[in-house]
Trainee: 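Quick one: the structure is below, questions incoming.
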2 protein chains.
Amino acid sequence: MTETVPRPTLEAVAARAGVSRATVSRVVNGSDGVREPLAERVRRAVDELGYVPNQAARSLVTKQHDAIAVIVAEPETRVFADPFFARQLRGISKELTAHDNQLVLLLTEDRDDHARVGRYLAGGHVDGALVFSLHIDDPLPELIRRAGLPTVFGGRPDSDGGRDGVVYVDSDNRGGARDAVRHLLGLGRRRIAHITGALDQTSGVDRLDGFRDVRADTDPGLVVEGDFTAASGERAMRELLGRRPDLDAVFAANDLTAAGALRVLREHGRRVPDDVAVVGFDDMQPIAEQTEPPLTTVRQDIEGMGRLMARLLLRDLDRPATADEDTGVMPSSVVLPTTLVRRASA
Amino acid sequence: MTETVPRPTLEAVAARAGVSRATVSRVVNGSDGVREPLAERVRRAVDELGYVPNQAARSLVTKQHDAIAVIVAEPETRVFADPFFARQLRGISKELTAHDNQLVLLLTEDRDDHARVGRYLAGGHVDGALVFSLHIDDPLPELIRRAGLPTVFGGRPDSDGGRDGVVYVDSDNRGGARDAVRHLLGLGRRRIAHITGALDQTSGVDRLDGFRDVRADTDPGLVVEGDFTAASGERAMRELLGRRPDLDAVFAANDLTAAGALRVLREHGRRVPDDVAVVGFDDMQPIAEQTEPPLTTVRQDIEGMGRLMARLLLRDLDRPATADEDTGVMPSSVVLPTTLVRRASA
DNA sequence: ACGTCATCCGAGAGCGCTCTCCCGCCCGGG
DNA sequence: CCCGGGCGGGAGAGCGCTCTCGGATGACGT
């Protein structure tokens with residue numbers, strides 16, 4: 001039933017317009033050098049026939065695909081717990097479609113998948129890659145480097161500092177964390193605890209570093225490791241209450257963790273923010289607004305990050321990564337600012 | 001820098017193995033009719049050169065792309081509020097990669113996007129489409145039908161009953177709703193309210209229908225329209241408490257809505273489940289387990305739905321939608337069962 | 001030993017497009 | 001009035017692959 005009618009080819013359009021293939025090609029691709037009356041005739045033929053260029057044939061000669069791979073390397077948990085991922089995708093999608101590029105999504109879970117991804121990237125199906133949520137020691141960056149594809153990372157990868165040519169987009173996790181802690185200080189809190197994020201991701205490490213920047217001399221007992229999940233927030237909060245029942249503030253590495261902490265605080269009869277002030281990170285809707293009380297948190301522009309990643313990559317594809325003629329530097333990473341959003345919890 | 005080394009072609013492999021292109025092609029595509037010693041020689045040449053077939057060239061002749069479009073037509077809100085979408089994607093992704101198909105993601109928001117999607121599908125970049133979250137009166141199905149692409153829908157589309165050849169995968173929303181309401185009846189509740197989902201989606205309508213199946217004679221004042229968001233749950237719950245302060249149970253169209261209702265109930269000092277029992281729908285983690293109290297809800301296998309959609313589509317691509325030789329029927333839709341998950345809220 | 005047939009492999013066409021020539025036309029200058 | 005230059009348009013090669021044919025090779029029957 002779905003017997004596709006053979007689609008018209010360039011040839012067919014050319015015949016109908018009474019010109020050569022080359023001329024049709026020129027018109028279709030918007031190159032100049034075709035005089036108006038002729039061009040118009042071609043255009044009419046194109047939509048009379050409903051001509052759509054065959055992408056495969058085009059790619060075969062141009063070696064371009066107008067397709068970008070988006071690789072999400074996340075072992076289940078976090079991706080689904082918070083809408084982070086969906087929102088970045090939306091940003092990427094917008095930017096990509098605006099430039100007529102398609103988005104090829106690769107979800108990976110384990111090492112086998114990595115091999116598959118490596119093969120895929122090396123297979124030359126896409127012009128570039130956008131890569132997410134790397135964990136420290138992830139083999140993916142190396143695979144990608146070997147595939148030799150232009151790539152932009154989402155979040156600072158675990159490289160030895162600015163390794164050559166690695167481009168990424170990240171939020172100012174460290175700065176945001178500092179702001180959060182300073183805000184708590186400003187409220188007069190002094191016994192400020194931190195529930196960290198996953199410390200095998202740079203975002204977790206950076207937020208911890210930001211906390212330490214402001215509270216260098218803090219009691220180590222006030223820092224408990226979490227992993228960005230709500231469950232870890234609950235566990236950590238219990239531990240903290242056991243160790244330091246006199247704490248008067250908590251900075252949680254993200255909103256989910258903060259939500260978990262909030263529940264435990266309530267369970268233990270601590271009033272928020274009166275007894276314990278709580279600050280989260282991400283300003284993730286709908287979580288942040290719907291905790292009890294609504295969460296004071298650090299906002300990052302997630303969709304914007306996605307959009308920016310795509311833009312950086314497309315720019316690089318346009319004119320491949322040579323040193324900038326003005327500044328003499330390679331195309332560089334971008335760290336986006338964060339802002340503190342005050343609600344009721346602190 | 002990213003000056004891609006020209007990749008080896010079939011020709012090159014053939015030369016190295018001392019055979020013809022055709023033979024290499026046969027070996028690479030696993031077709032039989034190449035004797036062992038030769039085949040082995042070819043295989044060696046392939047990986048000595050690191051040969052990877054050029055997909056564009058292949059598509060050009062086979063007219064296949066081994067790519068599937070996944071279209072998510074959702075105006076912002078819901079997609080990100082709950083992880084529904086991400087989870088279906090994961091299911092789809094697994095199935096697709098298992099069959100060496102790539103996943104091309106198309107996110108659409110408004111009518112302009114629809115036109116773009118129509119063009120894309122007609123453009124013959126993909127072999128089939130998986131389509132999500134249609135709203136009633138959505139023009140998308142018609143566009144897709146015209147593009148003549150094999151398609152599977154996620155969720156029952158708003159068609160006039162079983163329109164010819166429309167294949168979809170859905171949960172048994174109506175049956176699940178019945179189970180939920182019967183469960184409340186079983187607890188001895190009699191003044192059972194329902195906060196509906198978005199009634200421009202079949203899932204919302206079906207759940208309402210399920211509610212009515214069991215409570216045909218219910219006071220219309222006990223039904224308030226929502227839209228699957230937590231905010232609508234709050235609003236609806238307030239309205240219900242105003243209208244029918246004596247209600248003793250609420251069936252909410254999804255977990256997010258239930259979470260909103262729960263908050264309002266708490267605000268008003270109603271104990272759950274003692275005063276008012278609450279049941280949600282979806283069993284969406286982490287929402288359902290982390291409400292106060294944890295939510296009794298109707299579980300559907302979301303990832304399974306995704307996987308099934310992909311499987312159905314791939315099967316159809318394998319041997320195009322002709323009537324089944326045994327049963328004489330067209331490939332049909334699938335409605336997956338739901339199960340009630342008892343937690344504390346009812 | 002010769003014919004027959006199946007089997008394995010290679011030659012070559014062609015998928016639909018882009019892009020490099022190159023030719024022909026028109027215009028302006030000498 | 002003729003010639004040179006420039007530009008619009010066409011011819012044709014070729015991108016890397018698949019697939020149909022037909023030729024060669026060897027097994028087998030007689």
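Keep in mind that the numbers below use all heavy atoms, side chains included, and drop hydrogens, waters and symmetry copies. Chain identifiers are assigned alphabetically (A, B, ...) following the order of the sequence lines, protein sequences preceding nucleic acid strands; residue numbering begins at 1 within each chain.
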Trainee: Take the protein atom CG of A:Leu49 and the nucleotide atom C1' of C:dG16, then report the distance between them rounded to whole Å.
Mentor: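 Computing the A:Leu49:CG to C:dG16:C1' distance gives 15 Å.
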
Trainee: For the side chain of A:Val34, starting at C-beta, report the closest nucleotide among C:dC17, D:dC17, D:dG9.
Mentor: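 Nearest nucleotide to the side chain: D:dG9.
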
Trainee: Rounded to the nearest angstrom, tell me the gap between atom CG in B:Leu38 and atom P in C:dT7.
Mentor: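 It is 17 Å, rounded to the nearest whole Å.
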
Trainee: Given atom CG of A:Asn29 and atom P of C:dC19, what is their separation to the nearest angstrom?
Mentor: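 The distance from CG of A:Asn29 to P of C:dC19 comes to 7 Å, rounded to the nearest Å.
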
Trainee: State whether B:Glu95 and B:Arg311 are salt-bridged, where the test is any N-O pair (Lys NZ or Arg NE/NH1/NH2 against Asp/Glu carboxylate O) under 4.0 Å.
Mentor: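 Salt bridge between B:Glu95 and B:Arg311, a charged N being under 4.0 Å from a carboxylate O: yes.
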
Trainee: Check whether any side-chain heavy atom of A:Gln55 lies under 4.5 Å from a side-chain heavy atom of A:Asp66, and answer yes or no.
Mentor: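 Contact flag for A:Gln55/A:Asp66 side chains = yes.
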
Trainee: Compare the minimum distances between each of D:dC17, D:dA11, C:dC17 and the side chain of A:Ala57, then state the nucleotide with the smallest one.
Mentor: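 Minimum distance to the A:Ala57 side chain belongs to C:dC17.
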
Trainee: From the list D:dT18, C:dG10, D:dA11, which nucleotide is the closest neighbour of the side chain of B:Arg58?
Mentor: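 Nearest to the side chain of B:Arg58 among the choices is D:dT18.
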
Trainee: Rounded to the nearest angstrom, tell me the gap between atom CD in A:Gln55 and atom C1' in C:dC17.
Mentor: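 Atom CD in A:Gln55 sits about 10 Å away from atom C1' in C:dC17.
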
Trainee: Is the side chain of A:Arg307 donor-acceptor paired with the backbone N or O of A:Ile92 at a distance under 3.5 Å, no angle test?
Mentor: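 The answer is no, because no donor-acceptor pair under 3.5 Å joins these two groups.
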
Trainee: Just verifying a value: how many Å separate A:Arg7 CZ and B:Lys63 NZ, rounded to the nearest 0.5 Å?
Mentor: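 Reported to 0.5 Å precision, the distance equals 8.5 Å.
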
Trainee: Measure the shortest side-chain to side-chain distance between B:Val104 and B:Val70 over non-hydrogen atoms and say whether it is less than 4.5 angstrom.
Mentor: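 Not in contact.
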
Trainee: To the nearest Å, give me how far apart CZ (A:Arg26) and C1' (D:dG9) are.
Mentor: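 Between C1' of D:dG9 and CZ of A:Arg26: 6 Å.
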
Trainee: For B:Val61 and B:Val24, take the nucleotide of DNA chain C holding the closest heavy atom to each; which residue's nucleotide lies nearer the 5' end?
Mentor: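 Whichever sits nearer the 5' end wins; that is B:Val24.
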
Trainee: Between the base of D:dT18 and the side chain of B:Arg21, is there a donor-acceptor distance below 3.5 Å?
Mentor: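 Looking at the base of D:dT18, it does pair with a donor or acceptor on the side chain of B:Arg21 (distance under 3.5 Å).
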
Trainee: For A:Leu10 and C:dC15, give me the distance from atom CG to atom C1', rounded to whole Å.
Mentor: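 My rounded result for the distance is 13 Å.
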
Trainee: Hey, does the side chain of B:Ser25 come within less than 4.0 Å of D:dT18's phosphate (OP1/OP2), counting only N and O?
Mentor: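 Affirmative; the distance criterion is met.
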
Trainee: Just the rounded figure in Å: distance from P of C:dC19 to NZ of A:Lys63.
Mentor: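 Rounded to the whole Å, the gap is 12 Å.
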
Trainee: In terms of side-chain heavy atoms of B:Arg35, which of C:dC9, D:dG10, C:dC17 is nearest?
Mentor: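 Of the candidates, C:dC9 comes closest.
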
Trainee: Rounded to whole Å, how long is the line connecting atom CG of B:Asn54 with atom P of D:dG14?
Mentor: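 Rounding to the nearest Å, CG of B:Asn54 and P of D:dG14 are 18 Å apart.
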
Trainee: Please tell me if A:Thr23 has a side-chain N or O lying less than 4.0 Å from either OP1 or OP2 of D:dG10.
Mentor: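 For D:dG10, OP1 or OP2 has a side-chain N or O of A:Thr23 closer than 4.0 Å.
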
Trainee: Which nucleotide wins on minimum distance to the side chain of B:Thr9, given the candidates C:dC19, C:dG10, D:dC17?
Mentor: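 Comparing C:dC19, C:dG10, D:dC17 against the side chain of B:Thr9, the answer is D:dC17.
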
